[in-house]
Amino acid sequence: MKFKSGIRPEEEVTFGNLIFMGLDREKMFFDRDKGQRTDILESRIYNIGSSAQKEQLEVTIPDYIDLKEIEFQQPIKLKNPTIKARAQANGNFANVVWTLEAEDIIEIGQNATFDKKQESAKDSSKESSDKK
C-alpha cells in the first residue's frame, strides 16, 4: 500500500476540537552538498491541542504562509490536513515517523467577530443619524 500523497483524515473525527498552542520551531533548508543548514525557511511547525487525540500535536505549515499570531488556546481549524509517514533508520530496524501537514491554520470565529463589530458600528451610526 502506497501513501505518496498522504492520508486525508476526517478532521472532526480524527482531531475533534483543536486549540492553538503556539509556534514550536522554524525548519530551515539543509544543503546536502555542503552538509550544513541554510538560512532559507522551509516551513514552520506549530503546536496544537486535540480533544480527540487527547494530546498536543505538531502541525507543519509551508513557508509561504505568514507567521501565525493567534492567541493561546483559541479554537482553530486546519485547511486541508494531511498525515504523512516516513521511515527513520535505527540500526537494523526502522521506525515510522508520522507527520501532520496542513496548508494553513484558520482561527475559528475570526471573521464572525469582525462582522459583529462592523454590524454594531453600523447600528450605532444609524441610531446617531436617526436622532439628528
Side-chain angles (χ1 to χ4, degrees):
M1 186 178 284
K2 296 181 181 180
F3 295 114
K4 289 183 181 179
S5 61
I7 301 168
R8 299 272 181 194
E10 281 189 46
E11 194 170 349
E12 296 272 329
V13 176
T14 306
F15 305 120
N17 296 324
L18 294 172
I19 59 169
F20 188 78
M21 300 182 80
L23 177 67
D24 185 31
R25 64 188 178 275
E26 292 182 334
K27 185 177 178 184
M28 302 298 181
F29 278 106
F30 187 81
D31 187 350
R32 294 184 190 275
D33 295 333
K34 294 180 182 177
Q36 62 187 12
R37 184 181 70 117
T38 65
D39 290 335
I40 302 169
L41 182 65
E42 182 177 348
S43 61
R44 289 187 179 92
I45 300 170
Y46 293 91
N47 292 327
I48 58 174
S50 168
S51 64
Q53 298 297 319
K54 307 227 184 308
E55 65 180 342
Q56 178 177 303
L57 305 173
E58 290 183 346
V59 61
T60 304
I61 304 295
D63 64 327
Y64 56 83
I65 302 296
D66 291 333
L67 179 67
K68 296 294 174 183
E69 296 183 7
I70 301 171
E71 289 188 33
F72 183 69
Q73 292 192 344
Q74 286 296 319
I76 59 166
K77 290 190 83 146
L78 298 176
K79 182 178 179 183
N80 297 328
T82 305
I83 299 170
K84 294 186 176 181
R86 66 179 169 84
Q88 185 172 2
N90 184 9
N92 292 334
F93 302 97
N95 296 327
V96 176
V97 178
W98 296 94
T99 57
L100 173 60
E101 297 177 2
E103 289 180 15
D104 200 359
I105 297 175
I106 302 165
E107 187 175 359
I108 295 177
Q110 181 178 14
N111 294 335
T113 56
F114 181 70
D115 292 341
K116 287 180 185 176
K117 288 179 184 177
Q118 282 186 333
E119 287 176 16
S120 63
K122 286 180 185 177
D123 292 340
S124 63
S125 64
K126 284 181 183 178
E127 289 176 8
S128 63
S129 64
D130 290 341
K131 289 180 183 177
K132 292 180 182 177

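- When all heavy atoms are compared, the tightest approach of Asp66 to Tyr46 is O-OH, 4.2 Å.
- Salt bridge annotation for Lys68-Asp104: present, with a cationic side-chain nitrogen under 4.0 angstrom from a carboxylate oxygen.
- Both Tyr64 and Ile61 sit in one connected hydrophobic cluster of ILVMFWY residues. Membership requires side-chain heavy atoms under 4.5 Å apart, directly or through other members.
- Under a 3.5 Å cut-off, the side chain of Gln53 and the backbone N or O of Thr14 do form a donor-acceptor pair.
- To the nearest 0.5 Å, atom CD1 of residue Ile70 and atom CE of residue Met21 are 13.5 Å apart.
- The distance from atom CD of Glu101 to atom CD1 of Ile45, rounded to the nearest 0.5 Å, is 9.5 Å.
- Of the possible donor and acceptor atoms, one in the side chain of Ser50 sits under 3.5 Å from a partner among the backbone N and O of Phe15.
- One hydrophobic cluster, built from ILVMFWY side chains closer than 4.5 Å, holds both Val59 and Ile7.
- For the atom pair Lys84 NZ and Thr60 OG1, the distance stands at 10.0 Å (nearest 0.5 Å).
- Surrounding NZ of Lys77 are at most 12 heavy atoms belonging to other residues, nucleotides or ligands under 6.0 Å away.
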Chi angles and distances behind the side-chain contact (heavy atoms from CB on, under 4.5 Å) call for Lys79, Ile105: CA-CA 6 Å; Lys79 182 178 179 183; Ile105 297 175; over 6 Å; no
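- Across all non-hydrogen atoms, the minimal contact from Val96 to Ala85 is CG1-CB, 4.0 Å.
- When the side chain to side chain donor-acceptor pair (under 3.5 Å) test is applied to Gln74, no partner is found at least two apart in sequence or on another chain.
- Summarising the geometry, atom CD1 belonging to Ile40 is positioned 9.5 Å from atom CE belonging to Met28; distances are rounded to the nearest 0.5 Å.
- No path of Ile, Leu, Val, Met, Phe, Trp and Tyr side chains, each step under 4.5 Å between heavy atoms, connects Ile19 with Ile108, placing them in separate hydrophobic clusters.
- When all heavy atoms of Ala102 and Pro62 are compared, the pair lying nearest together is O-CD, 3.3 Å.
- In the hydrophobic clustering of this structure, Leu57 groups with Ile83; members are Ile, Leu, Val, Met, Phe, Trp, Tyr whose side-chain heavy atoms approach within less than 4.5 Å, directly or through other members.
- One distance of note links CD1 of Ile106 with CZ of Phe20; it measures 13.0 Å at 0.5 Å rounding.
- Residue Glu55 qualifies as enclosed at atom CD: its count of foreign heavy atoms under 6.0 Å is above 12.
- At a threshold of 4.5 Å between side-chain heavy atoms, the hydrophobic network of Ile, Leu, Val, Met, Phe, Trp and Tyr places Ile48 and Leu67 in one connected group.
- Residues Gly16 and Ala52 come closest through the heavy atom pair N-CB, 3.6 Å.
- Applying the side-chain hydrogen bond (donor to acceptor under 3.5 Å, both in side chains) test to every pair with at least one member in residues 16-26, sequence neighbours left out, gives these pairs: Arg25-Glu58, Glu26-Arg44.
- Thr38 places a side-chain N or O within 3.5 Å of a backbone atom of Phe29 that can act as its donor or acceptor partner.
- In this structure, the separation between CG on Leu18 and CG on Leu78 is 5.0 Å, given to the nearest 0.5 Å.
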